[in-house]
Amino acid sequence: MVKKKKNAMDTTTKQRLVFAVNGQRFEVCSIDPSTTLLEFLRSQTPFKSVKLSCGEGGCGACVVLLSKYDHVHNKVEDFTVSSCLTLLCSINGCSITTAEGIGNSKDGFHPIQQRFSGFHASQCGFCTPGMCVSLYASLVNADKTNNRAEPSPGFSKLTVSEAEKSIAGNLCRCTGYRPIVDACKSFATDVDMEDLGFNSFWRKGESNEVKLSRLPPYNCNYVTRVFPEFLKKETAVGLNLGSESYHWYSPVSLKDLQCLLQMEANGGTSMKIIVGNTGMGYYKELVHYDKYIDLRYIPELSIVRKDSTGIEIGAAVMISKAIEALKEENQGGFSKEAKLVFEKIGDHMDKIASKFIRNSGSVGGNLMMAQRKHFPSDIATILLSVDTILEIMTGERRLKLTLEEFLGRPPLDSKTVLLSIKIPCWESSRDVSSDACNKLLFETYRAAPRPLGNALPYLNAAFLAQVSLCKNPTGFMLKNCRFAFGAYGTKHSIRVKEVEEFLYGKLLSFGVLYEAIKLLETLVIPEDGTSSPAYRSSLAVGFLFEFLSPLIDSPIDFSDGLVNGYNRTLLSKNSNQQHDLGQIEFPTLLSSSRQVIQLNKEYHPVGEPTIKTGAILQASGEAIYIDDIPSPKDCLYGAFIYSLEPRARVKGIKFNPGSSPKGVIALITSKDIPGLNLGSKTVFGTEPLYADDLTEGVGQRIAFVVADTQKNADIAADLAVVDYDKENLEPPILSVEEAVERSSFYAPLFYPEQFGDFSKGMAEADHRILNSQIKLGSQYYFYMETQTALAVPDEDNCMEVYSSIQCPEFAHDTIAGCLGVPAHNVRVKTRRLGGGFGGKAVKSIAVASACAVAAYKLNRPVRIYMDRKTDMIMSGGRHPMKITYSVGFKSTGKITALKLDILIDSGMFVDVSPILSDHMLGSLKKYDWGALSFDIKLCKTNLPSRGAMRAPGDVQASYIAEVVIEHIASTLSMDVDSVRNINLHTHNSLDLFFASAAGEPSEYTLPSMWDKLATTSSFYHRTEMVKEFNRCHKWKKRGISRVPIVHEVKMRSTPGKVSILRDGSIVVEVGGIEMGQGLWTKVKQMTAYGLGLVKCGGTQDLLEKVRVIEADTLSVIQGGMTAGSTTSESSCEAVRLCCKVLVERLVPLKQRLMEQIRSLEWETLILEAYRNSVNLSASSLYVPDFSTMHYLNYAAAVEVNLITGETTILQTDIIYDCGESLNPAVDLGQIEGAYVQGIGFFMLEEYTTNSDGLVITNNTWTYKIPTVDTIPKQFNVEIFNSGNHKNRVLSSKASGEPPLTLAVSVHCATRAAIREARRQLVSWSGPNEAGSTLVQLEVPATMPVVKELCGLDSVQKFLQWTTVKN
């Protein structure tokens, strides 16, 4: 019991926390208040569908549905929350629903889960449970609404737009989102069934009635989730829980709160005031608090009041509740202008974070972070523009402040509490005369990497103005202005009062606007250290221009009012004039997409688009990943301590003075390794598990701290202080240029041959480009499941290790070396990965080895689940490069010679860097260069070692090739598509560059696909449409690009094992690892086909009898590495060889039995085989004797906003040669997913470091992968079944990596749009300004990069040009 102290709040202390999870009652009497709901669910319940991926509310993998019972209104509120941030003590009396609670294998699957599976919307599956919960919550809330018509049978009340946005905050690295969106849209009441993409329920051409009948039925009136009756009996008062070391308080009045705050002042204990705890996602506090105060049960802080003066919002009101109040349709008593102001504020708030963060984060908490910690708040900016009033409480004193005063104060102390926010009611008559022509304007703006939110803005703004229409002279006069800017690298949002005063009473003209903008430039200045400062300042200029320019010299119907989106009205009325500023409004995120697939029945069920194995279990959260394995008894947890210095001696490790990390058991260093200090061992070399005395680079492993929980291990690692010594050491090598100066290189194991005579080619050229340079950065894997492993000591010095790894065989060998034991003492098991992309190849070996060494030393199980920040710092990512090229070409655009000098940053250890030379040349050779000369150096630096990220070297080479082509086109002033076309291979040149891999002329499908794409995508027509669009629009430009790809793929040897059990069921093992690419699915199909050749009763239905089991290095050896796109195909061939052996054993028995009986069933045959001691297990090792190639091409169109630099991908068309696809549904997912990952590399993902090489974009706040709102609006894919490859695995081709390189076309199309913007900018700059048509666009082409090339001063140039012209 918590003892009552003098002045303490007068409330009964409750000794139990009661809640429900999936209907099950949980009662907790003692818990650390810092425990999150996620921690509890994963450690104390059987429900493992909630996944830890980012730990900061930025990915949606941990989303659950939280239901609260409202005793007053006798209703249940349902909303999603991020369980990684939600504190367990805050859910007292609540019911939690996870993916297992929606549906599962025992109670039956929900239609959501069935449709996710049937629409092929799950690959690795790690994100799928969170996706399903997000959609489920949207369905529940839509179907509860009473103001919507009853939907048709099988549908919900959800709209298409709502369905798409339901998963807007959820990240997926595998699928490319399109099939996920289709699964969501299939529930929408207004969906057009023709818009839904490829699925397993129906085939093209079937009627809507047939389609609906085949969808898993959904009844909007059927509720699978019922709020538990036992919770309704629980009191509505919050939890008060305590012990000697901690307390959780839920005061029910401001007086109680004052007493608690006074306790802190008198007692000197640390206290944390919380509402939703979402701030922990941004500010990762390591501080331990003694007391927590939950504000949500204080009525004054949790209500919304409306009166004629405005809307007052309690500080503890959730952002989503505030949005509902602001956008409520029945806003009685407010003028039209006031309603629209409130609605626009609500619309802007809807772009803050994601739905599940808005559901738990409070308005007051957001503003307090802005005030105390300078959080870049959108809410602060938009409320600053409307004269918002705040009420705060300090002790017993209550004070009202303007928001501007509140933000301008020094950071408030912990005893000061924000009580409420009052947004005044604005209307035309406020502060202006009674002139009938006075009107109110209000708009908000934000520029962020993701349109729908879930990303901090580069800058936000909100503008309110009273305007008056003057008749002589005609024009608009500003009478009252509020211009607010924020999040641009300043301590808090500001009002630019100097600009407001300058514009007051002035008749708007371009000249006046130009002067106002010049003044604005002196006021909105980011602080030192802010990224892209000039870009952020240009956004301020652009947004003010966007707000005011429609009022200048434009025919506006003023009588209708200007409040509601006047910019967009102008766009629709004057789209051919200068004011095309408003964003194009897409009614939904994605329009209809087209998937063209040719099915092959020859090898049934191979070639069928069967549902991915395990997809339904992934949707229900029942699929088991490494961290889902229950912890064995006495299990310990580890975390890495890594170097923060690029090159230094390690003198010692200690913990921060004054911080004694809890639960630490041991600190493992290189001295504790019983065998060799091995972190990885491959054919290319080795790297140490831990630095011995000298660190070779930032992020290198130094030690492994072992503790009683993962949280305690992570905290201890964060608190560790490494004592470094750099005296008398050579300085580190931190760039490829420094590596060249100091001749620091890795020796290549093999080197590709040169092609043709470069000197001769250059001599034949009419034009030459010499020594042009390109730089390419890195990219992080961003698998949803971070690095993880579990090591369990076994008898007789043996070790069993469960690892999320692409190459268990290599981990097996390394662990044996580390432990100094024979290889047969080690067993490594891998069932499935939550994404890999090359990051779980060599990088995962050390993770598994570290756990094994610690487990061996401590003789206890040890596991790790790496936190996202550590994973991002240590993983290395894609190889950065510096490229210098010289090229010769004819006046026709035909290239005669190309020379490349490529410096690759391989980092501190070799990893698999030697493969890059071969990979790069394979992709570079997609064009006929005449002669190709190259010098590729693998630079050894003191930076993180790089891994084989999906399409390693291939994606960079594809980009290099297109840069060269674009440069030539620019030099010759030729159409770039013509230059590409003239340099495509003939079969003769293909044979010269690729030799035997080129195959027969009939196999060279690129020319026919190139022509076909032009037709199916209407390429030439769209090219003309782009030109017309650019001619008519000043502030948006479009580009289009068509790009060919030739991708060389090499098969690897792969083992397989097939065993037939007594009941006729089949178990299969392969060396390949399932990580979302559908390997198990294809293997199952191949097994069913291979054994089906026995041809007896039931063999046509063998698919359901096959189970593929986890990889086990002592069961199937020589598994190698799952990489390079071909492991699925080679695993299938290994299995086919096994089946061939088994069929040869079974056929003689079948023939003997058939002589006795007319019909023979599969089960009977197998039973007889057991009786006759026929060996029904076969193993094989498939060893390929050839290499194979891929030919594919692609077109894309993009649109660039010249105000913000935002790029919108309007349409994508892909034609991909899959040979004869083993499973077109799986291959389609691989194509789309790889392509979207490529969009991330080329357009979004900045994997940046500080000067020492330490990664600083190390979380979801700073590293932005594609989301559902950044993929193509229209996404068309055709799988081209060429069928000319009989010598391959049933004529198939791989699909995992080549499509990623296609995304270079988005970059090229963006470059084309920028080129048009620059031409326009030159026309505004006067005859003396000559502009080059060459656009050197960086990778990634982020908004600041694009805007800078389009002209940071484009608005100023336009205004100067317009003023002079007029």
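Both backbone and side-chain heavy atoms feed into the values below; hydrogens, waters and symmetry mates do not.
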Sequence-distant partners of Asp813, salt bridge (Lys or Arg N to Asp or Glu O under 4.0 Å), two or more places apart: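 Listed in chain order: nothing, the list is empty.
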
Which residues share a salt bridge (Lys or Arg N to Asp or Glu O under 4.0 Å) with Lys1012, sequence neighbours left out: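 In terms of salt bridge (Lys or Arg N to Asp or Glu O under 4.0 Å), with neighbours along the sequence ignored, Lys1012 is linked to Glu1278.
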
Hey, do the aromatic rings of [X] and [Y] have their centres closer than 6.0 Å?
X	Y	value
Phe1241	Tyr959	no
Phe993	Phe755	yes
Tyr1247	Tyr1263	yes

Would you check if the side chain of [X] reaches a backbone N or O of [Y] as a donor-acceptor pair within less than 3.5 Å?
X	Y	result
Thr1310	Val1306	yes
Lys840	Gly835	yes
Tyr783	Gly838	no
Arg980	Pro1044	no
Arg946	Ser906	no
Ser886	Asn771	yes

Charged N-O contact under 4.0 Å between [X] and [Y]:
X	Y	value
Arg1052	Glu809	no
Lys1082	Glu1129	yes
Glu1048	Lys926	no

Geometric class of the His1307/Phe1242 ring pair [parallel <30°, tilted 30-60°, perpendicular >60°]: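 Rings of Phe1242 and His1307: tilted, 30 to 60°.
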
Parallel, tilted or perpendicular: ring planes of Tyr927 versus Trp929, cut at 30 and 60 degrees: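 It falls in the perpendicular class, over 60°.
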
Aromatic Phe994 / basic Lys925 pairing, under 6.0 angstrom, 45° off normal: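 Yes, a cation-pi geometry holds between Lys925 and Phe994.
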
Row check, Phe1019 ring normal vs Arg1042 NZ/CZ: under 6.0 Å, within 45°: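 Relative to the ring axis of Phe1019, which defines the angle, Arg1042 lies inside both limits.
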
Please tabulate, for the side chains in residues 897-905, all donor-acceptor contacts under 3.5 angstrom to protein atoms that are two or more places apart in sequence or on a different chain.
{"unit_1": "Asp905", "atom_1": "OD1", "unit_2": "Gly907", "atom_2": "N", "d": "3.1"}
{"unit_1": "Asp905", "atom_1": "OD1", "unit_2": "Thr941", "atom_2": "OG1", "d": "2.8"}

[Y] and [X] side chains, donor-acceptor separation under 3.5 Å:
X	Y	answer
Thr1005	Asp1217	yes
Lys843	Ser945	yes
Gln754	Ser933	yes

Partner residues of Gln1118 under the side-chain contact (heavy atoms from CB on, under 4.5 Å) criterion, sequence neighbours left out: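 Only Leu1181 meet the side-chain contact (heavy atoms from CB on, under 4.5 Å) criterion with Gln1118.
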
side-chain contact (heavy atoms from CB on, under 4.5 Å) involving Leu992 - partner list, sequence neighbours excluded: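 With neighbours one apart ignored, the set is empty.
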
Inter- and intrachain pairs under salt bridge (charged side-chain N to carboxylate O under 4.0 Å, His left out), touching residues 774-783, at least two apart: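 Every salt bridge (charged side-chain N to carboxylate O under 4.0 Å, His left out) pair that includes a residue of residues 774-783, provided the two are not neighbours, is Glu737-Lys775.
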
Atom CD of Gln598: over 12 foreign heavy atoms under 6.0 Å: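 Count over threshold, so yes.
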
